[in-house]
Amino acid sequence: MEPTTRSYSSQRYAWLPWLLVAQTGVLVVGIFFALSKVEGRLVAQAGYELEQAAREVAEKLDLLLFERYGDIQLLAGALAEIRETKKGGEWTALLKKAHQAYPMYAWMGALDIDGRVMAATDGTTIGLDFGRNAWFRGLAAGPALRVHDVELHELTPEKDSVGFSAPVRIPSEARSTSDPVQAFVVTRLSTAELSAIVTRTLREIEVREGYRQGLEYHVLTNRGRVIIEAVPNSAESANLIDLGVESARMAQSGRTGFLQEEHRRRQVPVLTGYARMPVRKELGVFGWGVLIRIDREAVLAPIHSILWKVAIGGGCLFFPLWGGLFWSTHQLRRHWQQAETAQQASAESHLFLQFSLDALTSHLAILDEHGTILAVNKAWRRFGDQNQLRDTDHGVGKNYLNICESSSGEGSEEAQHVAQGIRAVLQGRQNEWVGEYPCHGPNEQRWFLVRISKFTMGEKVRVVVDHQNVTESRVAFHALQESHATTRTIVSSALDAHIAMDQDGMIVGWSAKAEEIFGWAAHEAAGQPLANLIVPPGYREAHERGLKRFLVDGAGLMLGKRLEIEGWHKEGRPLPIELTIAAIKQSRGYLFSAFARDL
């Protein structure tokens, strides 16, 4: 009864592994669902913090620029109080004192109404004339308090800067002209200083919020161009709105918030907080946007660490149990899979062989070592269908040797030769056998070339029977033979002698009439230098020079003209002849064809 009990128990508890799998699956799904919720909360919290950071940076930049807006007004008022006759030296001293108090400025100076630098913190610029420059003409055309967006300015040619300018209005009792505007004070604030302020602010936020990864930032103009960034000269130092960065578009819309997007340069998911500088009438030209970023993976790193610990603990608990339960079924499945794989591989191998054969245009059949047809290709089957072969298997399974040896009537002799060729290849007497045979249809004549070869598969020998339709090449060959025969008949029956010479000067053609005129038999003339046979001795060097010249530049021979010249007979006497020469370009060089008439 023991075997029966084991069989019953096996059936009874067969569901246990699947129950454990189902419970484990529910547990894993629950864990991942809870983790997704926690991830969502972490992302939302980090996004809110980035949004506040972007807002804080935008407000600090706004405050800094607004203070510089106030500085330019104070400078204009202070310069106006200095007497005009002393303004060159005292204005420079005042500007340098202001620069010491505010070293963030890249340049501070004053220009007269003609555009010449009167005073400046950088002594090398004093005396420079900017009267013809577009930015100064704009100041002179409408004297007013101005702010200038980020640009690479002529006063700070090595770095981008923000500009402030104001007219210096001299009181009426202190000026010598009626125009109250006697000069313009200009300051340029480097973006490097602004970047330092942004960096300090973000480092304070990183320490306060406990970020493990440093924050990236971008400050954009109101058109989306990056002017300050955490990674200078990066791939994003361009127009982020034109590049399709969604956070840049949202920042310039005036809204504050955060979103998830892909980092344009590193191609990783990031969280981006965005904000825009507060709108001020005085600083309306700016309207800068601020983007603060952090990798999404850095935000989720703590929860992912917990996930790995849970996964490792669960694996240590469940894997030994799973291994014991699934080992027995694995053995059975392994044997079954091996058998199925072998069967599938055999089927795929057969299909591959059949598809390969069908792709060939020749009529192919594969025979075993006894001559039995194992497989045929598509071209073979199509030929059989077109010629009313009443065999649905197209000969597969039949012995090809028997078919050839038992054939009778027209073509039976050729079939016998094919059978002999197959046996010669099978027996190893020949590596390959090739033969040609006619196979005419009711409406056309056809010729085929059969090629017999073999290959081995382990200890098995296989024979390939390859029939190729060579009707077109055979017909073309016969036509070419007829054409050559016709040409030879025409030349031999002509009243003029025909002589052919290659480009080396050797005779390759000599008609019967040439034998009669020059006295040399065809077998004597063939392969001999033409100059030695029919050209008088005094003209042979000229003949050879003319031939060489023609081969170089196409000149030197009297081609296509009827010439009356002196030839040379075998008997060593001159012979007056009429000669016509034609040059024929061939793949192996020139062939010269000449017709000569005895005068």
- When you measure from the side chain of Asp122 to the backbone N and O of Thr124, does any donor-acceptor pair fall under 3.5 Å? yes

- Return the minimal non-hydrogen interatomic distance between Ala110 and Leu79, and the atom names on each side. CB-CD1, 4.3 Å

- Shortest non-hydrogen contact from Met108 toward Ala98: CE-CB, 3.8 Å

- Message: I'd like to check the side-chain hydrogen bond (donor to acceptor under 3.5 Å, both in side chains) partners of Trp380; sequence neighbours left out, ordered by chain and number.
- Response: none

- Query: Any Lys/Arg nitrogen of Arg266 or Asp295 sitting under 4.0 Å from an Asp/Glu carboxylate oxygen of the other?
  - Reply: yes

- Query: Does the Ser195 side chain pair with the main chain of Thr191, one donor and one acceptor, at a distance under 3.5 Å?
  - Reply: no

- Going through the checks in order, is the side chain to side chain contact (heavy atoms under 4.5 Å, CB included) test met by Val464 and Ile366? CA-CA 5 Å; Val464 179; Ile366 308 297; 3.8 Å; yes

- Query: Is a side-chain N or O of Arg68 found less than 3.5 angstrom from the main chain of Val162, in a donor-acceptor match?
  - Reply: no

- Check: Arg264 side chain, Leu243 main-chain N or O, donor-acceptor pair, under 3.5 Å: yes

- Should Arg55 and Glu51 be marked as a salt bridge (charged side-chain N to carboxylate O under 4.0 Å, His left out) after you check the CA-CA gap, both sets of side-chain angles, and the distance that decides it? CA-CA 6 Å; Arg55 186 197 301 272; Glu51 174 187 343; 3.7 Å; yes

- Task: Give me the one residue out of Phe184, Trp135, Phe136 that meets ring pair (Phe, Tyr, Trp, His ring centres under 6.0 Å) with Phe130.
- Result: Trp135

- Query: Do Phe286 and Val150 have side chains that get closer than 4.5 Å, going by heavy atoms?
  - Reply: no

- Task: In sequence, state the C-alpha distance, the side-chain angles, and the governing distance for Ile205 and Glu56, and then conclude on side chain to side chain contact (heavy atoms under 4.5 Å, CB included).
- Result: CA-CA 10 Å; Ile205 295 174; Glu56 182 176 342; 3.8 Å; yes

- Message: Does Leu50 form a side chain to side chain contact (heavy atoms under 4.5 Å, CB included) with Thr272? I'd like the steps, not just the answer.
- Response: CA-CA 7 Å; Leu50 293 175; Thr272 305; over 6 Å; no

- Determine the sole option in Asp149, Thr221, Asn222 for which the side-chain hydrogen bond (donor to acceptor under 3.5 Å, both in side chains) test with Trp288 is passed. Asp149

- Item | Passing candidate, side-chain contact (heavy atoms from CB on, under 4.5 Å) with Trp107, options Thr187, Leu189, Thr125 | Thr125

- Message: Tell me the closest heavy-atom pair linking Ala166 and Leu145, and the distance in Å.
- Response: CB-CD1, 3.4 Å

- Task: Decide salt bridge (charged side-chain N to carboxylate O under 4.0 Å, His left out) for Lys97 and Glu90; before the verdict, give the C-alpha distance in whole Å, the side-chain angles of both, and the deciding distance to 0.1 Å.
- Result: CA-CA 11 Å; Lys97 185 176 181 180; Glu90 293 189 18; over 6 Å; no

- What are the two closest heavy atoms between Leu215 and Arg203, and how far apart are they? O-NH1, 4.3 Å

- Non-hydrogen side-chain atoms of Val186 and Leu155 separated by less than 4.5 Å: yes

- Kindly indicate whether the side chain of Arg200, heavy atoms from C-beta on, has any atom under 4.5 Å from the side chain of Ile197. yes

- Query: Looking only at heavy atoms, which two atoms of Met277 and Ala58 are closest? And how far apart?
  - Reply: CG-O, 3.6 Å

- Within 6.0 angstrom of Lys37 NZ, more than 12 heavy atoms from elsewhere: no

- Item | Which atom of Glu193 lies closest to which atom of Met104, heavy atoms considered | CG-O, 3.2 Å

- Message: Tell me which pairs pass salt bridge (charged side-chain N to carboxylate O under 4.0 Å, His left out) where either residue lies in residues 268-281, with sequence neighbours left out.
- Response: Asp62-Arg280

- His148 and Arg188, any side-chain heavy atoms less than 4.5 Å apart: yes

- Are more than 12 heavy atoms from other residues, nucleotides or ligands located less than 6.0 Å from atom CD of Glu67? yes

- Message: side chain to side chain contact (heavy atoms under 4.5 Å, CB included), that's the test. Do Val268 and Val270 meet it? Break it down for me.
- Response: CA-CA 6 Å; Val268 296; Val270 294; 4.2 Å; yes

- Once the angle between the rings of Tyr102 and Tyr105 is folded into 0 to 90°, is it parallel (under 30°), tilted (30 to 60°) or perpendicular (over 60°)? perpendicular

